[in-house]
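See below for the structure under consideration.
First listed ligand is number 1; within each ligand, the first listed atom is number 1. Both backbone and side-chain heavy atoms feed into the values below; hydrogens, waters and symmetry mates do not.
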Amino acid sequence: MLELYNAMQSTCSQKVRLTLAEKGLDFVEHRMKLFKNEQLAPEYLKLNPNGVVPTLVHDGVPIIDSSVIMEYLDEEYPQTPLRPADHKARANMRAWMRFFEEVPTVAVRFPSYNAAFARHFKDMSDEEFKALAASKPVRDKFLGEMNKEKGFSIERLHQSEDSIRKTAARMETVLKDAPYLVDGKLTLADLCVLPLLIRMEDLGYAYLWENAPGVQAWMERVKARPSYAIAFYEGALLSQQYPGIREEHQRMLHFAAA
Ligand SMILES: N[C@@H](CCC(=O)N[C@@H](CS)C(=O)NCC(=O)O)C(=O)O
C-alpha cells in the first residue's frame, strides 16, 4: 500500500504525483496544510525529519525526498519505465535532475513566497516569526532571511529570473530537436522540472522562455498528457488558491523596475 503525505500546491509533491499518475499507481493521499505547520508536527517529523513534503510511505516504510521517491517508484514498479535502461542515458537523466534541484528548484521559492506565501506571516510578531523559522529543520536559514512584511528583495527575484532563463536555455539545447529531455522519451527528468515551470508560468513569468520555442512546445506536450490533469487537480496552482496573485505579482515587478 502506498500513502503520500503531500501538499496540493507543493512543486516537490507535484513531481511525485506526476510519477504516480504516469505509472497508473493507486495511493492514499494525505493533503497537508503547510501554513498550519502540519509538516512540523512531531508525528510527521518521525516520518520525515526534514519537516517538508512529500513523504511516501510504502508498506509502513517512509521514503523521503521527491527525486528519491520518483526513482524508488520506478524501481519498485518497473512497468511503464520512466528511466532509460542504458546506464549512460540514465546518468544523463540524473544529471538533469541534479541541475533542476540545484538551480530552478531553489529559484522558484523566492517569487512563490513573495507572491503567495509571505502573507501567512504578516500578522506574527517578530519573535513568533523568528521562532517559526528556527523550528524548521531544513528551511530555517531560508525563512530567517525573509522580511516578514516585504518578502525577499527585488534583487533576489531578479536572480530567480536569471536562474529560470538559464534553465530554459539549457533545456532548449535538447528540446529544439527532441520531444523530451532524455533519449526522446518521457523520463523522470521531464517530471522533475515541469512543476517548476508551471509555477513560474502561473506567477506570470512565461516570458522567461519566450525565446525557447522547443521549451514552449514541450510544455504543451507534457501538459496534454493525462498525468498532468491528474496531478494538477483543482487547487494545485497558486492562482487557484490565491486568486489574482499573478496580476498582483507582475504589477509589483513592473513598479519595482520603473
Ligand atoms: N528536497 C526536498 C524538498 C521538499 C520541500 O522543500 N518541500 C516544501 C514544499 S515544495 C515544503 O514542504 N516546505 C515546508 C516548509 O518550508 O516548512 C524534496 O525534494 O522532497
Side-chain angles (χ1 to χ4, degrees), residues 2-20 27 29-58 62-74 93-94 96-121 124 128-146 148 151-152 160 163-164 188-200 202-203 231-232 235-238 241-242:
L2 292 169
E3 283 178 88
L4 182 67
Y5 290 80
N6 81 149
M8 293 162 85
Q9 79 284 359
S10 139
T11 53
C12 301
S13 302
Q14 290 159 358
K15 286 161 65 176
V16 173
R17 296 208 300 267
L18 284 167
T19 307
L20 288 159
F27 62 101
E29 184 182 11
H30 301 284
R31 287 188 189 167
M32 298 178 59
K33 298 220 176 340
L34 300 183
F35 294 99
K36 292 210 154 85
N37 296 317
E38 291 177 359
Q39 74 281 20
L40 302 174
E43 317 82 74
Y44 184 72
L45 290 174
K46 282 187 203 146
L47 297 177
N48 188 329
N50 292 336
V52 292
V53 292
T55 299
L56 180 78
V57 178
H58 187 197
I63 316 286
I64 64 168
D65 200 282
S66 53
S67 294
V68 174
I69 298 171
M70 292 166 100
E71 288 229 37
Y72 175 81
L73 287 170
D74 208 48
M93 179 201 80
R94 289 190 175 125
W96 274 112
M97 291 172 78
R98 296 298 93 82
F99 172 75
F100 293 143
E101 286 155 18
E102 199 162 337
V103 180
T105 302
V106 177
V108 302
R109 280 190 202 125
F110 299 96
S112 301
Y113 269 75
N114 277 39
F117 303 146
R119 70 189 69 203
H120 293 281
F121 309 116
M124 287 181 165
E128 282 168 337
F129 181 66
K130 270 192 196 140
L132 174 66
S135 74
K136 301 212 171 209
V138 294
R139 287 291 131 70
D140 48 346
K141 308 288 180 297
F142 166 79
L143 200 60
E145 277 170 29
M146 192 183 82
K148 82 179 166 58
F152 293 96
S160 289
S163 295
I164 299 299
L188 298 180
D190 301 285
L191 303 184
C192 185
V193 70
L194 178 65
L196 303 171
L197 293 194
I198 295 287
R199 166 64 55 82
M200 293 305 280
D202 193 34
L203 295 180
F232 282 81
L237 297 181
L238 292 187
Q241 287 196 23
Y242 306 88

Can you label the angle between the Trp96 ring and the Phe99 ring as parallel, tilted or perpendicular, going by 30° and 60°?
perpendicular
Set of salt bridge (charged side-chain N to carboxylate O under 4.0 Å, His left out) partners for Glu101, sequence neighbours left out
Arg98
Any idea which residues sit under 4.0 Å from ligand 1, heavy-atom distances?
Ser10, Thr11, Cys12, Gln39, Val52, Val53, Pro54, Asp65, Ser66, Tyr113, Lys136, Arg139
Donor-acceptor pair, distance only, cut-off 3.5 Å: does the side chain of Arg119 make one with the backbone of Ala116?
yes
Output the distance between atom CG (Leu196) and atom CD (Gln14), rounded to the nearest 0.5 Å.
9.0 Å
Looking at Lys148 and Phe129, would you say the former's side chain and the latter's main chain have a donor-acceptor pair under 3.5 Å?
no
Separation between OG1 of Thr105 and CZ of Arg199, rounded to the nearest 0.5 Å:
11.0 Å
